[in-house]
Colleague: 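A single structure is presented below for examination.
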Amino acid sequence: MRGWRVMVQIVVLTVVLGFVVWPRLERYFLLQAAQQNAVTQRLATDGLRAALDRYAPLPPLIAERPELVELLRNPDDAELQAQGNAALLKVAEEIAASDVYLMDLTGDAIIASNYLLETSFVGENFDFRPYFFNALEQGWGEFFARGTTSGLRGYFYGAPVTDGTDVLGVLALKFGVSAFEEGWRAAGSDIIVTDARGVIFMSTRPDWHFRAVERLTPATLAAIEQNRQYPLDRVSELDVMQAPLDGAATLMTITGTEYVATSSASIKQAGWTVTTLVPAAPARVQAMISLALLAVLGLAAILAAAYLRSRSAQQDRARRLLEKRVKERTSELRHEVEERRAAEEELRRTQTSLVQAGKLSALGQMSAALSHEFNQPLAAVKSYAENAAAFLDRGKPDQARDNVMRISRMTDRMAAISKHLRNFARRPQEAIGPVALGHVIDEALAVANVRLKADGVRVHYDPPVGEAMALGGHVRLQQVIVNLITNAVDAMAGQDRPSIHIAVKPAAGTWQVTVRDHGPGIAEETIAQMFDPFFTTKETGKGLGLGLSISFNIVRDFGGTLWGRNHPDGGAIFGVDLIAAPAIAKEAAE
Ligand code: ADP
């Protein structure tokens, strides 16, 4: 599918380059070549014009010389002839003309500047030349031709020689044209000069001399023959094809070679057209190189576009794949999360029942202690009751009252134990959730306040910075803290300046509440047992030995830990480590 698209683009590119761009490119470079030759073209044309203009006024001037009239009146005077020949030679040298010569009315040359040469015109007849008969008939003649005597091409002027009333002869001047061609050749240009009939009179290529770039009609050939202008055996058509290009520029194919030709307007008297030829091949090559460059660029653009398209398609595919994987993974994760949640739920249920079972087993452990705990006061109650009865029988009501009061105190104590046990055994009603530790501690201090005041205990409390939220139950946690404070105060009983330190500190995912006292610390053997129910070192009536045990279980219910140890600087420190509530929230979210 994609390859098909690229193919179509390449075909379009080829068609556009071939049919739209190529003709324009080719034309551009061909015209550029013509442009480069414009200067050569102008110099050549101007040079020819200047020569024609320079020589034109000279023949009438020379014709005015009196010795010429003298000679024409006495054509056979040898002395006059000799003087005349010498004079014309001098003139010819002075004006750089190739030949200057004098003809009588029949067209015979009497004297000539080339009288010393083998190709001397003296004695030759030129009555067939337009410069001769036009000068006689119209007072002025001009012509260009190949010299019949010299074989050299030249431009001729003829002016009548008169004695004031009658025309006696014609003075002619010829200048050669080959010097121009040499100049052009030296400049490295191909130039042709054609006459009005399309015959090449001058050319940087000698083999083109007298060849026609247009059709040679019989009339043309007849005229050439009549004036003996060109050697007829050399006059023939040149294989030329022309195609217009732009303005003065044409595309000319001469004997198979293509040229960009720039032609001048015809040079007035002579009817000459100067045409500069530049080979078209280099311009074509330049155009082709440019086309090739464009083709390469176009192809590169097409391929780059195709590449980008395929890459973005690849990326699309990759993205879709990634999205699919993410979706799959997400659902996997969701599944995992659900499984984990279920597992946690299961664990929590197990934990709860374990905790409950743990409590029951603790209760079982307690029964031994309990029976002792209850049997002793019960035995005491029994004896106090018997005593009271005996005292009443003896009429001693005061003693009887004393015994009854002891019974009352005993029952108070037993009620307290039973209350604690009830609390302990009961499943917690209070829900576990985030509690503000600051509030809990404030309230615990308020509850313990009477006790603290009575013992004159100073409390150093560093409230938590900001909201310290931990997982627990408000009331039960408060109960734990009150218990720790009470134990601390108990430990410092009888001290002069008792003081406790309460602190709340965060630690990796937990909050830690510590209560530190300056008492004697915990005895070595006590540390192992202090969390056991009914373990106490306090004297009877002061402690039940249930505070730490119950607190331990409460904190465990919260998912935290209760610990106690001796502080290195003396006294005991008890701590409650609780799970930080935001951490819980985060964990649940994950
Ligand atoms: P009770 O306070 O009724 O004795 P607890 O379970 O609260 O029962 O404490 C058990 C024992 O742990 C105490 O009797 C005491 O020996 C020890 N203990 C508790 N807190 C402290 C403390 N702050 N300093 C020293 N010992 C302590």
Side-chain angles (χ1 to χ4, degrees), residues 358-359 362-363 365-370 372-374 376-377 409-410 412-425 441 444-445 447-448 450-452 454-461 476-503 512-558 560-577:
K359 281 180 187 169
L363 206 60
Q365 281 172 16
M366 272 190 236
S367 24
L370 256 180
H372 168 76
E373 208 55 34
F374 279 107
Q376 196 216 351
R409 281 204 292 279
M410 281 295 170
D412 279 350
R413 180 176 154 79
M414 288 192 288
I417 291 173
S418 106
K419 186 182 161 213
H420 271 299
L421 288 175
R422 204 174 58 234
N423 281 344
F424 176 63
I441 294 167
L445 283 170
V447 170
V450 180
R451 186 67 212 284
L452 292 166
D455 285 43
V457 178
R458 281 183 56 174
V459 178
H460 301 276
Y461 170 41
R476 281 175 294 161
L477 184 59
Q478 181 191 317
Q479 193 184 328
V480 171
I481 307 294
V482 169
N483 195 252
L484 295 182
I485 294 171
T486 313
N487 278 352
V489 174
D490 284 347
M492 295 182 296
Q495 281 191 358
D496 277 349
R497 296 163 71 190
S499 68
I500 61 171
H501 293 261
I502 301 175
Q512 187 174 70
V513 182
T514 50
V515 178
R516 189 211 159 173
D517 59 56
H518 293 85
I522 316 157
E524 191 81 27
E525 60 276 13
T526 306
I527 285 190
Q529 287 177 280
M530 64 185 175
F531 291 111
D532 290 349
F534 301 112
F535 175 84
T536 179
T537 55
K538 294 167 191 172
E539 54 186 272
T540 321
K542 281 273 167 69
L544 288 172
L546 284 173
L548 286 182
S549 165
I550 290 170
S551 296
F552 186 87
N553 283 298
I554 288 173
V555 175
R556 198 184 52 188
D557 275 354
F558 296 161
T561 39
L562 174 65
W563 51 267
R565 59 168 178 263
N566 285 317
H567 195 277
D569 300 332
I573 180 164
F574 281 80
V576 182
D577 292 348

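Just so you know, ligand 1 is whichever comes first in the structure, and atom 1 is the first atom listed for that ligand. Here the structure is a predicted model, which is why all the values come from computation and not from measurement.
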Colleague: Backbone or side chain, does any N or O of Ile522 fall under 3.5 Å from an N or O of ligand 1?
Modeller: no
Colleague: Considering only heavy atoms of Gly521, which atoms of ligand 1 have at least one such atom less than 4.0 Å away?
Modeller: 25 (C)
Colleague: Give the atom numbers and elements of ligand 1 that come within less than 4.0 Å of a heavy atom of Asn487.
Modeller: 2 (O), 7 (O), 19 (C), 20 (N), 23 (N)
Colleague: Angle class for the His460/His501 ring planes (parallel below 30°, perpendicular above 60°, tilted otherwise)?
Modeller: parallel
Colleague: Which one of Thr514, Asp517, Val515 satisfies the side chain to side chain contact (heavy atoms under 4.5 Å, CB included) criterion with Leu484?
Modeller: Val515
Colleague: Please could you name the atoms of ligand 1 that Thr536 approaches to less than 4.0 Å, counting only its heavy atoms?
Modeller: 1 (P), 3 (O), 4 (O), 14 (O)
Colleague: Give the atoms of ligand 1, by number and element, whose distance to some non-hydrogen atom of Ala491 is under 4.0 Å.
Modeller: 22 (C), 23 (N), 24 (N)
Colleague: Just by distance, do the side chain of Asn566 and the backbone of Ile522 share a donor-acceptor pair under 3.5 Å?
Modeller: yes
Colleague: For atom CZ of Arg451, is the number of surrounding heavy atoms from other residues, nucleotides or ligands below 6.0 Å larger than 12?
Modeller: yes
Colleague: For ligand 1, which atoms, with element, lie under 4.0 Å from some heavy atom of Met530?
Modeller: 6 (O), 10 (C), 12 (O)
Colleague: Give yes or no for whether the N/O distance cutoff of 3.5 Å, strictly under, is met between Asp517 and ligand 1.
Modeller: yes
Colleague: Would you say Asp490 has any N or O atom under 3.5 Å from an N or O of ligand 1, going by distance alone?
Modeller: no
Colleague: For atom 5 (P) of ligand 1, what's the nearest protein heavy atom and its distance?
Modeller: Leu548 N, 3.7 Å
Colleague: Among Ile485, Val576, Ile550, Asn553, which residue meets the side chain to side chain contact (heavy atoms under 4.5 Å, CB included) test with Val480?
Modeller: Val576
Colleague: Does ligand 1 come near enough to Gly545 that some N or O of the ligand is less than 3.5 Å from an N or O of the residue?
Modeller: yes
Colleague: What closest approach, in Å, do Leu548 and Met530 show between heavy atoms, and which atom pair accounts for it?
Modeller: CB-O, 3.5 Å
